[in-house]
Amino acid sequence: MKRKGATLQRTAIAVLSILLAVSIGVTAGATSYRTLICNAIGGEMYRLEGGDDSDTIQLYETNGMTLEEWKTAADQLVEEIEAEGMVLLKNEGQVLPLDSGMKLSLFSRSSVDLVLGGTGAGGIDESKAVDLRTALEGAGFTVNPTLWEFYKGYDGKDGYTRSNGGYTGANPEDIFVAEVPINEYTDAVRDSYKDYNDAAVVVISRVGGEGSDMPTGDFGDGTKYLALQEQEKDLLMEIQESGQFDKVIVLINSSNAMELGWLDQEEYGIDACLWVGGVGQSGARAIAGALAGTVNPSGRLVDTYAADSLSAPAMQNFGDYTYTNAADVEAAGVAVGTKYVVYAEGIYVGYRYYETRYADSVLDPVGTNAASSAGAFVGDTWNYTDEVCYPFGYGLSYGAEDGKPFVQELVSAEMGEDGLTVTVRVTNTGTAAGKDVVQLYAQQPYTAGGIEKSAIQLIGFEKTDVLEPGASETVTITADKYDFASYDYKNDKTFVLDSGSYYFAVGDSAHDALNNVLAAQGKTVDDGMDYNGNAALAYTWNNPAKELLNQSYSGNEITNRFDSADLEYYGQDVEYLTRSDWNTFPESYDSLTATDEMIYDMNGVNNYKSSGGDLSQFQFGVDSQMTIAKMVGVPLDDDEQWDKILNQLTMEEMADIVTRAARSPIPSIGYPAMAMNDGPQGVNRKYTEDGTSATGYCGAVVRASTFNRELIRRMGEAMGEDWLRTDTEGAYTPAVNTHRTPYAGRNFEYYSEDGFLAGELAYEEVMGMQSKGAICYIKHFALNDQETNRTGICTFSNEQAIREIYLKAFEKSFTEGASKGTMGAFNRIGCVWAGAYAGLMTDIVRTEWGSTAIIITDIAINTAYQHIETALAAGGNLWATSGSSFYNWLVTAAPNDAAAVEKMRESCKIILYNVASSSGMNGLSPTGHVVRVTPYWETAAYAVIAVLAVLDLAAIGFMVYGNVKARKTEVEK
């Protein structure tokens with residue numbers, strides 16, 4: 001019994017000691033990420049004291065609504081965005097809209113589980129979502145309850161839970177479409193059809209997310225994720241073979257461009273199709289409105305919908321590629337540097353490929369091989385009508401048999417010194433009120449062997465107001481020359497307008513506009529066009545002499561900044577796709593060896609050498625009685641004022657600001673902790689008034705499909721309102737990377753395959769959010785166009801593609817929008833981590849664009865390749881982390897490095913300048929100060945440690961006492 005008691009004592013001591021050690025370790029780690037934890041679960045790290053109430057700053061006010069009023073208004077805005085963003089793809093026999101009171105059967109597992117957007121950074125609170133049944137019944141329809149409950153019964157069931165693998169990535173076998181097999185349909189389910197057979201509504205869904213691209217091959221219950229799967233084909237055949245439904249309507253609930261050729265296959269009998277994208281929390285009501293006819297669809301596609309989702313030239317180099325000498329790369333000490341991707345398609349992304357190849361097949365210039373077998377995925381030779389189901393910009397509306405009730409007339413077109421101005425009259429010749437989109441495209445003169453040029457590119461757009469039948473509206477569009485120039489990275493090394501004939505046209509899509517251009521060039525169906533264009537909708541301008549557009553927005557020179565992003569910089573041959581010979585359709589660069597120079601550049605620390613130097617030029621910890629509140633409205637070039645507040649900071653405080661995402665309070669300058677949050681579909685935080693989740697907006701693809709600047713500005717203002725009402729200053733949104741391929745997991749967060757459209761709408765969103773005091777960190781800057789190997793992947797491209805395709809989506813927000821921030825990317829540009837690529841972070845952002853934005857990293861967790869020293873030197877300012885590794889480097893190494901200290905001061909100045917004009921100033925006083933406090937959870941953690949320590953000591957004491965007593969007893973015996 002004594003031995004048993006001693007064993008229990010020792011066990012108790014061991015358990016308590018382990019718990020104590022774990023508690024101490026967890027608490028120590030948690031304090032390094034204090035701000036992130038406070039953002040997630042609440043807790044204050046500071047309090048404001050002192051100050052005069054009469055001078056309290058209030059830069060930004062809420063809209064004055066009560067929270068409940070605002071929730072209702074925001075919810076209605078989500079519905080409005082979906083209503084304008086959904087795209088009517090097919091409407092044979094005008095089966096839509098449906099008659100009021102119809103009895104509907106909703107088919108597919110996704111009908112009870114709509115995709116709201118995507119996973120990861122863009123996730124929203126699903127508990128607030130309006131389901132499709134509720135929406136349809138609210139619109140006056142009756143929904144088959146038996147079928148609904150049948151699908152609901154599969155919630156959470158293994159193999160029937162739709163999945164893309166979630167936030168952190170997935171193996172293909174873990175990804176499911178999750179459609180219920182037809183052999184599981186019961187007699188009761190089939191019997192229910194006859195009572196709800198006015199129409200069958202089928203929902204086909206796909207979902208993407210952060211950290212995981214979609215599988216191009218086999219996955220959990222299918223193959224080629226964006227194709228129609230066997231179980232979905234069976235479902236469509238079940239509807240047909242039942243013989244119960246005269247009307248079959250399909251809803252495409254996907255932000256990624258699916259293969260949709262099956263919509264026209266006779267055996268499925270599909271009458272109508274609406275693309276609805278990621279619908280947000282209340283978009284289902286807009287879908288119901290479209291089916292009922294209270295909503296007239298006016299959205300237009302922002303991607304090309306190819307017949308084969310693998311047919312884009314970019315798809316030939318998308319996914320997982322490893323250097324042949326990966327072992328040598330690792331042996332050289334390079335962290336996460338064994339992966340790469342080559343953008344061999346150049347500028348021919350999305351419609352720029354499909355439409356340009358079509359144009360060349362019609363124009364038939366000698367030697368282009370436009371109709372060759374290279375790149376043909378549907379037939380033996382390449383043919384546009386085989387390869388493309390729906391072009392970029394396509395969309396129908398109610399009110400006409402062909403779905404095109406609006407007639408556009410080119411009233412005038414005039415080329416001025418700076419660009420083109422066109423006036424277009426739009427008339428509703430149909431029977432239903434609705435909106436139309438005017439799309440303006442350009443074609444530049446092309447010479448084989450010269451600068452690569454798309455045969456058509458979007459350069460302007462506007463959306464009309466609601467037009468009643470018979471009504472007209474005149475729309476004016478201006479297009480800057482810069483937006484239809486080309487970048488010559490080989491010779492002139494700047495933007496160029498070559499001499500020759502330029503064609504401009506309006507059209508219902510990129511393809512329609514191109515046909516109008518071809519008509520103006522005298523081409524008809526006899527030349528191979530799929531239909532005749534309208535030359536009256538085109539305008540020709542002859543440029544007599546080449547122009548160099550080499551002056552940037554800031555007034556500085558535009559010149560090459562990305563030479564090292566090209567594999568050719570390292571002596572590697574790249575055969576970029578060229579329209580001078582379509583037989584250059586890319587092959588996979590699946591056998592690439594990293595040269596010694598590439599390996600050297602991958603190891604980013606090699607690119608930085610300490611300057612040493614005398615730090616006496618700097619002052620630290622000087623009490624000048626300055627506070628951040630006193631800097632409100634102080635221009636960035638007021639060096640005297642900024643020097644005062646910067647001199648007041650200690651080395652440790654500067655390091656704290658730079659490396660901890662400006663989320664820690666700095667009492668010496670009255671700086672409160674700033675909250676920052678993800679939110680491409682709305683801020684992922686709670687309203688301060690009642691603790692409920694903020695609004696969940698539609699996915700970015702739906703927003704872009706509205707082609708409505710004013711609506712996106714309003715949405716930006718609404719999102720800014722939510723950031724304000726959740727006490728969140730930093731917004732990790734908008735996300736504007738390019739839909740380089742249809743399979744990228746985060747396409748739902750990004751607007752489009754077209755950089756111009758994305759850039760125009762991102763600008764509106766940024767302007768709206770900043771009007772409410774948010775700091776928008778536009779992301780992911782730049783070339784982060786796939787999730788596979790996104791951490792550290794070497795991304796190779798030529799400068800023309802970088803400028804015209806990928807940076808175009810960011811540019812206007814930085815220049816005209818004066819964005820307060822941007823978030824870098826995990827990938828490398830060429831061999832250098834994007835965050836340390838000076839050509840991007842300094843030469844483009846500061847020198848060409850004249851931006852004063854804060855440049856923050858994507859979450860900095862890998863010190864081995866996200867080198868703080870190289871990124872600071874390259875122009876980075878802020879690290880999205882609360883960890884200690886980067887901080888420790890600055891406070892230990894930087895004191896011996898004058899250049900690093902100078903960069904820290906510059907970064908603190910940029911950060912404080914932008915914060916001083918943000919909502920973070922609300923509630924501060926120039927005469928007040930900040931006091932650090934311990935968050936409640938940290939106090940609780942210390943209490944747990946204290947209790948465990950007391951119990952552990954007590955247990956040890958009891959054991960010692962027992963042992964002493966036992967020995968004394970033995971001695972007495």
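Every heavy atom of this structure was used, including side-chain atoms; hydrogens, water molecules and symmetry mates were not.
Using cut-offs of 30° and 60° on the angle between ring planes, the pair W833 and Y865 is perpendicular.
Applying the side chain to side chain contact (heavy atoms under 4.5 Å, CB included) criterion to K903, with sequence neighbours excluded, gives L872, E906. Applying the side-chain hydrogen bond (donor to acceptor under 3.5 Å, both in side chains) test to H780 and every residue at least two apart in sequence or in another chain returns N737, R746, Y750. Residues passing the side-chain hydrogen bond (donor to acceptor under 3.5 Å, both in side chains) test with W889: none are found, sequence neighbours excluded. Shown here are the side chain to side chain contact (heavy atoms under 4.5 Å, CB included) partners of E330, two or more places apart in sequence or in another chain: T338. In terms of the side chain to side chain contact (heavy atoms under 4.5 Å, CB included) criterion, residue partners of D125 (sequence neighbours excluded) are, by chain and number, S127, K128, S693. With sequence neighbours excluded, the residues forming a side chain to side chain contact (heavy atoms under 4.5 Å, CB included) with I124 are L116, Q681, listed by chain and number. Residues passing the ring-ring contact (aromatic ring centres under 6.0 Å, His included) test with F826: none are found, sequence neighbours excluded. Under the ring-ring contact (aromatic ring centres under 6.0 Å, His included) criterion, Y697 pairs with no residue, sequence neighbours left out. In this structure, the side-chain hydrogen bond (donor to acceptor under 3.5 Å, both in side chains) partners of D722, at least two apart in sequence or on a different chain, are W70, Y687, T695. Under the rule for a side-chain hydrogen bond (donor to acceptor under 3.5 Å, both in side chains), S624 has no partner lying at least two apart in sequence or in another chain. In terms of the salt bridge (Lys or Arg N to Asp or Glu O under 4.0 Å) criterion, D897 has no residue partners (sequence neighbours excluded).
Listed for the E749 side chain is no donor-acceptor partner under 3.5 Å among the backbone atoms of P680. Here the side chain of W723 pairs a donor or acceptor atom with the backbone of G730 at under 3.5 angstrom. Formation of a donor-acceptor pair under 3.5 Å by the Q648 side chain with backbone atoms of M626 is found in this model. Side-chain atoms of N603 come within 3.5 Å of backbone atoms of A332 as a donor-acceptor pair (strictly under, hydrogens ignored). Judged purely by atom type and a 3.5 angstrom limit, E173 has no side-chain atom pairing as donor or acceptor with the backbone of G220. For T688 (side chain) and R725 (main-chain N/O), a donor-acceptor pair under 3.5 Å exists by modelled atom type. Of the possible polar contacts, one joining the T870 side chain to the H867 backbone as a donor-acceptor pair under 3.5 Å is found. In this structure, T857 contributes its side chain and I859 its backbone to no donor-acceptor pair below 3.5 Å. Although no hydrogens or angles enter the test, the distance criterion places no donor-acceptor pair under 3.5 Å between the side chain of S919 and the main chain of E729. The closest donor-acceptor contact from the side chain of N877 to the backbone of I911 lies at 3.5 Å or more, if one exists at all.
Side-chain atoms of V901 and L615, non-hydrogen and from C-beta on, do get closer than 4.5 Å to each other. Considering only heavy atoms from C-beta on, D55 comes within 4.5 Å of T927 through its side chain. In this structure, the side chains of L649 and F620 stay at 4.5 Å or more apart for every pair of heavy atoms. Within the 4.5 Å cutoff, the side chain of T822 has no heavy atoms near those of the K779 side chain.
Minimum interatomic distance between T726 and R685 (heavy atoms only, all atoms of both residues): O-NH1, 3.4 Å. Of all the heavy atoms in M602 and G337, the pair that sits closest is SD-O, 3.2 Å. Nearest heavy-atom pair across F618 and E902 is CE2-OE1, 3.0 Å. Between I628 and L912, the shortest heavy-atom distance links the atoms CD1-O, 3.6 Å. Nearest heavy-atom pair, L59 versus N922, reported as atom, atom and distance to 0.1 Å: N-OD1, 2.8 Å. Between A731 and M769, the shortest heavy-atom distance links the atoms CB-CE, 3.6 Å.
At a threshold of 4.0 Å, the pair D320-K339 counts as salt-bridged, since one of the basic side-chain nitrogens sits closer than that to a carboxylate oxygen. Salt-bridge formation is detected for the pair E210/R790: a Lys NZ or Arg NE/NH1/NH2 atom is positioned less than 4.0 Å from an Asp or Glu carboxylate oxygen.
The salt bridge (Lys or Arg N to Asp or Glu O under 4.0 Å) pairs that include a residue from residues 644-653 number zero, where partners must be two or more places apart or lie in different chains.
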